[in-house]
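Below you'll find the structure, written out as structure tokens, and then a few comments.
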Amino acid sequence: MLERIVRHKGVTYMAKKVTPRGQDYARWYTDVIQQAELADYAPVRGCMVIRPYGYGLWEHVQQALDRRFKETGHKNAYFPLLIPESFIKKESEHVEGFAPELAVVTHGGGKKLEEPLVIRPTSETIIGHMYAKWINSYRDLPLLINQWANVVRWEMRTRLFLRTLEFLWQEGHTAHATYDEAEEETMRMLEIYSDFAETDGAIPVIRGRKSESEKFAGARHSYSIEAMMGDKKALQAGTSHNLGQNFAQAFDIKFLDTNNQLQYCWTTSWGVSTRFVGALVMVHGDDQGLILPPRLAPIQVVIVPIWKKEDERSRVLAAAEQIEEVLLSENVRVELDAREQYRAGWKFNEWELKGVPLRVEIGPRDVENRQAVVARRDRPGRADKKTVKMEGLAPRVVALLDDVQQSLYDRALQFREDNTYQVEDFSAFQEIANGTGGFLDAYWCGSESCETAIKEATKATIRCIPFDQPKESGHCVFCGQKAAERAIFSRAY
RNA sequence: CGGGGCGUAGCGCAGUCAGGUAGCGCACUUGAAUGGGGUUCAAGUGGUCGGAGGUUCAAAUCCUCUCGCCCCGACCA
């Protein structure tokens with residue numbers, strides 16, 4: 001056993017080359033994730049190990065979100081993994097939605113259980129149960145709780161980060177005295193997700209409402225932020241649900257209002273998962289590998305010292321350490337790569353694969369001239385390297401990190417705009433959806449039959465009905481009937 | 001569950017049709033030269049050929065059964 005583990009430490013990937021995106025996008029995606037050491041396949045089908053580098057990225061996602069939750073009055077708590085099976089069955093839509101993908105524990109302690117336990121696919125039910133105990137009066141409201149947890153959904157087809165049997169996420173669960181307050185909370189959290197995705201993830205998103213068929217099982221309304229991946233497919237990067245009184249009624253979450261009237265609460269839930277890591281990979285990555293936005297990158301700057309002779313080694317290393325120190329004092333997440341078994345060129349490729357936003361190279365010539373060379377990951381290769389004097393290095397690096405962050409956002413937005421089409425008739429719709437792909441911005445009458453007909457013809461689904469709508473109404477792209485709103489259609493992950 | 005493919009060294013594969021000493025590349029170890037964009041050369045380490053049974057003087061290879069994984073179709077953060 002020990003021997004096996006030790007041997008597994010030596011796992012490497014042939015030639016460290018990734019499949020070009022144009023050749024096979026799906027393969028590129030898994031190559032990048034494995035070779036950049038974000039994650040690896042676990043021995044159980046559909047499960048993955050999040051490796052330290054990938055987990056570091058997730059930790060920054062967590063921090064960026066958690067800070068925003070706290071700023072808006074939410075507190076973290078933890079609810080258990082195991083849920084009585086009967087709980088799931090209490091809300092009819094919810095059962096229907098989740099029954100096929102439940103993992104169920106039937107035995108414990110060597111005995112068959114009286115009532116099977118479900119491994120949470122999400123925690124509305126158990127949290128609803130507890131809220132019923134904790135909430136008595138309007139004075140207990142609003143109740144604003146978030147939990148960071150793992151959940152399990154027995155998916156058919158799985159992909160690293162995008163769809164695994166077990167995944168990590170945060171799920172916020174709140175209870176309010178009125179519908180309006182719940183709706184306000186739902187929108188507030190969607191706005192927080194948008195701000196997080198755009199500011200920290202450098203991922204432009206479209207905010208909108210989900211169609212009936214796409215909404216969360218048990219929700220009254222679902223909202224989402226949708227992002228375009230590098231292959232022009234859509235990915236839901238976060239969702240926020242107004243649950244109405246559905247769960248309050250199912251779990252008896254009631255409070256006495258100011259008029260001494262007993263009322264059901266209005267609840268919400270909202271979540272962002274490790275899927276967001278997949279979005280970061282697919283929005284920003286290129287054929288060289290990952291490109292991480294500086295605000296979420298586990299390592300923002302890597303320093304690569306370069307030397308030939310032994311006497312150069314100490315001088316270069318001393319200068320590299322000096323750079324490390326000044327960057328640390330500016331709170332830059334910096335790593336000095338002083339490994340001796342690899343040469344500079346090898347390290348350049350390695351750190352580009354890992355998506356580190358900035359690389360500082362320093363060799364004997366630079367030490368002599370009191371300077372260093374800075375390369376940015378979003379513009380790889382030798383052409384865009386800049387020589388920077390030691391004196392102004394730290395502020396320059398800080399400014400460059402901001403610039404990379406902004407450039408990544410701008411580039412992603414440009415890409416989305418270049419691949420979004422306003423279409424008014426279905427033949428144009430089909431041609432794009434079945435051809436080049438992208439987001440299709442079209443009027444939709446609101447009927448489910450048009451929605452499914454479009455899906456069958458093109459595999460494109462309604463990603464969301466954007467909040468940002470034209471003032472005038474139009475005609476449904478499929479049936480030609482009057483339509484009040486435009487929707488974003490796309491093939492999706 | 002239906003269709004397709006694959007299990008041979010840590011990883012990627014060849015060898016299977018035509019049975020005859022288990023190979024190649026990468027990684028790893030040691031040494032030397034190299035060192036500003038994946039460096040050469042040399043010498044090494046490492047394998048119950050997914051598992052079980054059978055045929056045969058002899059099986060990675062042929063036969064039977066079995067287990068597992070991946071990809072494509074019905075669900076989803």
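Just so we're on the same page: letters track the sequence lines, and every chain starts at 1.
- B/G23 and B/U61: their C1' atoms are spaced 15 Å apart (whole Å).
- Judged by distance alone, the side chains of A/Lys210 and A/Gln236 do bring a donor and an acceptor atom under 3.5 Å apart.
- Looking at heavy-atom distances under 4.0 Å, A/Val151 makes no contact with the nucleic acid at all.
- Base engagement by A/Leu162 is indicated by at least one non-hydrogen atom pair under 4.0 Å involving a base atom.
- With no hydrogens or angles considered, no side-chain donor-acceptor pair links A/Glu166 and A/Thr164 at under 3.5 Å.
- Position along RNA chain B of the nearest nucleotide to A/Phe348 versus A/Ala492 favours A/Phe348 as the more 5'-ward residue.
- Atom CD in A/Gln34 sits roughly 12 Å away from atom C1' in B/G12 (whole-Å rounding).
- For the P atom pair drawn from B/G46 and B/A22, the interatomic distance equals 16 Å after rounding to whole Å.
- No side-chain N or O of A/Glu448 forms a donor-acceptor pair with one of A/Ser213 less than 3.5 Å apart.
- The nucleotide whose nearest atom lies closest to any side-chain atom of A/Met156 is, among B/G36, B/A74, B/C69, B/A74.
- Counting only N and O atoms by type, the side chains of A/Gln147 and A/Glu171 include a donor and acceptor under 3.5 Å apart.
- A/Gln371 and A/Thr387 form no side-chain donor-acceptor contact under 3.5 Å, judged by distance and modelled atom types alone.
- To the nearest whole angstrom, the two C1' atoms, one in B/G20 and one in B/C26, are 30 Å apart.
- A gap of 15 Å separates the C1' atoms of B/G15 and B/G25, to the nearest Å.
- B/U64 and B/U56 are spaced 16 Å apart, taking the C1' atom of each and rounding to whole Å.
- When the side-chain nitrogen and oxygen atoms of A/Arg343 are compared with OP1 and OP2 of B/G36, one or more of them lie within a distance under 4.0 Å.
- A gap of 47 Å separates the P atoms of B/U55 and B/A74, to the nearest Å.
- Straight-line distance from the CD atom of A/Gln35 to the C1' atom of B/G38: 12 Å, rounded to whole Å.
- Between the CD atom of A/Glu101 and the C1' atom of B/A74 there is a distance of 14 Å, rounded to whole Å.
- Whole-Å rounding puts the A/Arg313 CZ to B/G35 C1' distance at 13 Å.
- The partner of B/U21 is absent, by the rule that a Watson-Crick or G-U pair needs both atom distances under 3.5 Å.
- If you check the side chains of A/Tyr193 and A/Glu198, you find no donor sitting under 3.5 Å from an acceptor.
- One finds no side-chain N or O of A/Arg163 lying less than 4.0 angstrom from the OP1 or OP2 phosphate oxygen of B/C76.
- Side chains of A/Ser269 and A/His241: a donor-acceptor N/O pair is absent below 3.5 angstrom, by distance only.
- Searching all strands for a Watson-Crick or G-U wobble partner of B/C28 with both distances below 3.5 Å returns B/G44.
- Nucleotide B/U39 forms a Watson-Crick or G-U wobble pair with B/A33, both donor-acceptor distances falling under 3.5 Å.
- If you check every strand for non-hydrogen atoms under 4.0 Å, A/Phe276 touches nothing.
- Counting non-hydrogen atoms under 4.0 angstrom, A/Thr164 reaches a base of the nucleic acid.
- Base pairing annotation: B/A52 forms a Watson-Crick or G-U wobble pair with B/U64, both donor-acceptor distances under 3.5 Å.
- Residue A/Gly363 is classed as a base contact, given a heavy-atom separation below 4.0 Å to a base.
- Within 4.0 Å of A/Arg159, counting heavy atoms only, lies no atom of the nucleic acid at all.
- Taking the side chain of A/Glu361 as heavy atoms from C-beta on, and the options B/A77, B/G38, B/G37, the nearest nucleotide is B/G37.
- Pairing partner, B/A14: none, since no Watson-Crick or wobble contact has both distances short of 3.5 Å.
- Base pairing annotation: B/C69 forms a Watson-Crick or G-U wobble pair with B/G5, both donor-acceptor distances under 3.5 Å.
- RNA chain B is contacted by both A/Pro364 and A/Phe216; A/Pro364 maps to the nucleotide lying nearer its 5′ end (nearest heavy atom per residue).
- The base of B/G36 lies outside donor-acceptor range of the side chain of A/Lys385, with no N or O pair under 3.5 Å.
- One can place CZ of A/Phe167 at 13 Å from P of B/C76, the figure rounded to the nearest angstrom.
- Comparing B/A59 with B/C17, their P atoms are spaced 14 Å from each other, to the whole Å.
- The side chain of A/Arg153 contributes no N or O atom lying less than 4.0 Å from OP1 or OP2 of B/C76.
- Nucleotides B/U48 and B/G31 have their C1' atoms positioned 34 Å apart, rounded to a whole Å.
- The separation between A/Trp346 atom CH2 and B/U40 atom P is 14 Å, rounded to whole Å.
- At whole-Å resolution of the value, CD1 in A/Ile306 and P in B/U34 are 18 Å apart.
- A/Arg45 comes within 4.0 angstrom of the backbone, heavy atoms only, and of no base.
- Between the side chains of A/His94 and A/Ser92, no donor N or O sits under 3.5 Å from an acceptor N or O.
- Remark: B/A77 base-pairs with no nucleotide; criterion is Watson-Crick or G-U wobble with both hydrogen-bond distances under 3.5 Å.
- Across all strands shown, A/Gly97 has no heavy atoms under 4.0 Å from either base or sugar-phosphate atoms.
- Nearest to the side chain of A/Glu155, among B/U39, B/G73, B/C76, sits B/C76.
- Atom pair A/Lys459:NZ and B/C76:P shows a separation of 17 Å (rounding to whole Å applied).
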